[in-house]
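Read through the structure below, which is laid out as structure tokens, and then see the notes.
These figures come from a predicted structure and were not determined experimentally. Here, residue 1 is the first one in the sequence, and each next residue gets the next number.
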Amino acid sequence: MFMKKGFIVSMLLLVSAFLFACSSDNQEASGENGDGATLDFWVFGATNYEDLAKEYEKENPDVKINIKRSELGDHHDSLFTSISAGTGAPDLTMIEVDQLDRYREAQDRLVNLYDLGADEIQDQYLDWKWNMAENGEGDFLFGLPTDIGPKAMYYHTGVFENAKLPTDPDEVSDMISSPDAFADAASKVLDETGKPMVDSMEMAFRANMDALEVSYFNRDGELLIEESGNGVREAYDYAVELHDKGYVGNFEMWTPEWANALNKGEFAVEMAPAWLKGYMTENAPEGKGNWKVTTLPTDFAGNWGGSYVAIPAESEQQEAAYDFANWLLSPENQLKSFTESGLFPSAPSVYEMDEFVNNEDEYFSGQNTAKYFAEAAQDIPEVYKGPKYVTVNNEVLTALRNVQEGADPQEEWDAAVKRIQDILKR
């Protein structure tokens with residue numbers, strides 16, 4: 001009897017040891033400790049993240065990264081659906097800055113990156129970019145910063161010369177230092193060349209809009225556009241004023257007509273982020289050597305674009321996912337993303353690196369345009385947009401396009417407000 005009991009106990013110990021070993025192997029295979037992880041990563045847009053992922057896999061041969069690329073709208077719709085359902089989400093995902101507030105409503109479906117040690121790398125990034133990814137209390141971080149979209153002023157040197165305006169970047173910056181000075185320059189461009197200063201109502205609107213710390217909503221979700229002194233209405237009125245004076249063209253962004261206008265210099269100025277350089281190089285080749293870049297008036301200093309990398313809560317490999325995100329978005333790799341894909345860094349230490357400082361843009365006559373975007377990045381305010389920002393903003397843009405076609409500005413504003421209110425009631 002004693003022998004039987006001893007045999008049973010021994011067998012139980014062996015089975016337990018075997019199960020523990022299997023459990024440990026499975027844990028490592030699933031990546032719980034950052035080993036043997038297979039990570040699904042959802043991205044959008046033009047990045048070099050596939051190449052960097054391969055580099056990470058070489059340095060970490062037990063990690064496999066599967067990247068799925070989608071169009072921006074489809075990407076965010078699929079992501080929101082999957083995290084809402086609690087199934088089907090990836091281990092890591094990009095979230096575009098204008099979409100970020102949409103996911104605040106699903107905070108419990110995303111990992112608080114402070115729990116994984118993100119506070120240790122906070123000082124590597126621009127304060128405003130980092131703070132925008134926190135919740136209202138500042139104790140939850142939705143994502144690590146990727147690129148940013150600091151805006152600067154692209155100007156056509158030929159148009160400026162014909163308008164008897166300076167063409168040196170620093171002289172242009174000194175001359176056009178305020179919204180009033182911008183309008184004065186626009187007047188000279190129109191009088192001397194017959195051309196508009198800016199391409200479209202949207203860009204005239206965004207001049208002020210992208211600089212607003214609070215626009216359509218406050219953090220309590222209250223609609224602000226009907227309140228006295230609201231910045232959105234002021235941005236709308238400024239765009240209408242420029243249009244009434246003939247300073248605004250009718251070249252809608254991304255259309256063939258717009259690309260041709262960039263090629264031919266049919267307008268003087270584009271107020272846009274660093275990522276526009278890539279589009280111009282590929283789609284407006286005849287404009288090479290005719291455009292330069294300088295800073296915008298500080299009143300217009302704003303950000304357009306950029307993203308974060310977040311980790312959905314359902315991921316079973318959160319530590320491994322964070323380790324990869326931390327590596328991917330380090331200053332050294334942000335420099336690679338800048339030189340290889342034009343993603344403008346959110347880590348300011350990159351602005352001091354030799355490859356950044358000595359960067360030359362052949363399209364812009366060898367100018368170091370990065371210098372001006374880096375300067376602009378320091379002046380950008382922390383902004384709050386709200387979960388419905390994109391939908392609501394589109395209604396105001398519709399109103400502006402109607403004004404450009406001859407509609408009454410006040411009637412279009414009132415109609416846009418009514419549509420927005422109806423949308424928010426749904």
Side-chain angles (χ1 to χ4, degrees), residues 72-73 96 98-99 102 151 154 179-180 182-183 186-187 189-190 194-212 214-217 222-262 264 266-273 276 279 296 299-300 302 304-305 383 385-426:
L72 186 144
E96 200 266 343
D98 283 355
Q99 299 276 347
R102 175 183 181 187
K151 292 175 62 178
Y154 298 74
D180 288 342
F182 185 87
S187 176
V189 167
L190 183 63
K195 294 181 178 181
M197 185 70 161
V198 296
D199 56 345
S200 65
M201 289 290 273
E202 177 179 358
M203 301 307 284
F205 173 65
R206 295 196 75 131
N208 289 288
M209 188 66 187
D210 290 330
L212 296 178
V214 177
S215 53
Y216 293 109
F217 303 95
E222 298 169 330
L223 187 66
L224 303 177
I225 58 175
E226 289 189 287
E227 293 189 3
S228 176
N230 177 256
V232 178
R233 181 57 195 261
E234 292 178 357
Y236 180 92
D237 289 343
Y238 183 77
V240 170
E241 178 185 351
L242 293 185
H243 169 261
D244 289 345
K245 292 180 177 179
Y247 304 159
V248 181
N250 194 10
F251 304 107
E252 186 175 349
M253 208 169 191
W254 313 125
T255 63
E257 293 77 15
W258 177 70
N260 187 59
L262 286 170
K264 305 295 184 182
E266 295 299 329
F267 57 91
V269 162
E270 186 69 88
M271 295 177 280
L276 182 66
Y279 179 90
L296 283 164
D299 298 57
F300 295 163
W304 180 5
V383 302
K385 298 193 172 185
K388 299 289 185 181
Y389 176 86
V390 175
T391 301
V392 168
N393 190 60
N394 284 339
E395 297 302 330
V396 176
L397 294 181
T398 296
L400 287 168
R401 284 191 288 269
N402 291 340
V403 170
Q404 189 154 39
E405 297 302 318
D408 179 77
Q410 184 60 50
E411 291 180 2
E412 285 301 316
W413 174 263
D414 292 340
V417 171
K418 178 64 167 59
R419 292 194 301 270
I420 289 167
Q421 290 172 335
D422 291 342
I423 288 170
L424 297 178
K425 290 176 182 177
R426 296 173 189 168

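Considering only heavy atoms from C-beta on, Tyr247 stays 4.5 Å or farther from Val269 through its side chain. Residues Ile225 and Trp413 form a side-chain contact, since some pair of their non-hydrogen atoms from C-beta on lies under 4.5 Å apart. Between Asn260 and Thr255, every side-chain heavy-atom pair lies at or beyond the 4.5 Å cut-off. Proximity of Arg401 to Thr398: side-chain heavy atoms (C-beta onward) are separated by under 4.5 Å at one or more points.
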*Carefully, step by step, assess Gln99 and Leu72 under the rule side chain to side chain contact (heavy atoms under 4.5 Å, CB included).*
CA-CA 10 Å; Gln99 299 276 347; Leu72 186 144; 4.2 Å; yes

_Between Glu234 and Asn208, is the side chain to side chain contact (heavy atoms under 4.5 Å, CB included) condition met? List the steps._
CA-CA 8 Å; Glu234 292 178 357; Asn208 289 288; over 6 Å; no

*Evaluate side chain to side chain contact (heavy atoms under 4.5 Å, CB included) for Phe217 paired with Leu224, printing each intermediate quantity in order.*
CA-CA 5 Å; Phe217 303 95; Leu224 303 177; 5.5 Å; no

*For ring pair (Phe, Tyr, Trp, His ring centres under 6.0 Å), just list the numbers for Tyr216 and Tyr389, CA-CA rounded to whole Å, side-chain angles, deciding distance to a tenth of an Å, and then say yes or no.*
CA-CA 7 Å; Tyr216 293 109; Tyr389 176 86; 5.6 Å; yes

_Run Phe182 and Val198 through side chain to side chain contact (heavy atoms under 4.5 Å, CB included) and show every step you take._
CA-CA 10 Å; Phe182 185 87; Val198 296; 3.6 Å; yes

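Judged by distance alone, with hydrogens and angles left aside, the side-chain atoms of Tyr238 form a donor-acceptor pair with the main-chain N or O of Pro179 at under 3.5 Å. Formation of a donor-acceptor pair under 3.5 Å by the Asn394 side chain with backbone atoms of Val390 is found in this model. Proximity of a side-chain donor or acceptor of Gln404 to a complementary backbone N or O of Gly249 within less than 3.5 Å is detected. One N or O on the side chain of Tyr154 and one on the backbone of Pro273 form a donor-acceptor pair closer than 3.5 Å. Under a 3.5 Å cut-off, the side chain of Lys151 and the backbone N or O of Arg206 do form a donor-acceptor pair.
Residues satisfying the side chain to side chain donor-acceptor pair (under 3.5 Å) test with Asp414, not counting sequence neighbours, are Gln410. For Asp199, there are no salt bridge (charged side-chain N to carboxylate O under 4.0 Å, His left out) partners, not counting sequence neighbours.
Among all heavy-atom pairs drawn from Met197 and Ala186, the shortest one is CB-CB, 3.5 Å. For the pair Val248 and Ser200, the tightest heavy-atom approach, listed with the atom from each and the gap, is CG1-C, 3.3 Å. The two residues Gly231 and Leu212 have their closest heavy-atom pair at C-CD1, 3.5 Å. Here the shortest heavy-atom pairing between Asn393 and Phe205 reads OD1-CE2, 3.6 Å. Considering every non-hydrogen atom in both Glu412 and Tyr236, the closest pair reads CB-OH, 3.6 Å. Heavy-atom minimum distance, Met203 versus Glu270: CE-OE2, 3.1 Å.
Considering OG1 of Thr391 and CD1 of Ile420, their distance stands at 10.0 Å, rounded to 0.5 Å. If you take CE on Met253 and CG on Leu262, they are separated by 8.0 Å, rounding to the nearest 0.5 Å. Here Leu424 contributes atom CG and Arg419 contributes atom CZ; the two are 12.5 Å apart, rounded to the nearest 0.5 Å. The distance from the NZ atom of Lys385 to the CG atom of Asp98 is 3.5 Å, given to the nearest 0.5 Å. Here the CE-CD distance, from Met201 to Glu252, works out to 12.5 Å after rounding to the nearest 0.5 Å.
Using a cutoff of 4.0 Å between basic side-chain nitrogens and carboxylate oxygens, Arg426 and Asp422 are not scored as salt-bridged. Taking a cutoff of 4.0 Å between a charged side-chain nitrogen and a carboxylate oxygen, Lys245 and Glu241 qualify as a salt bridge.
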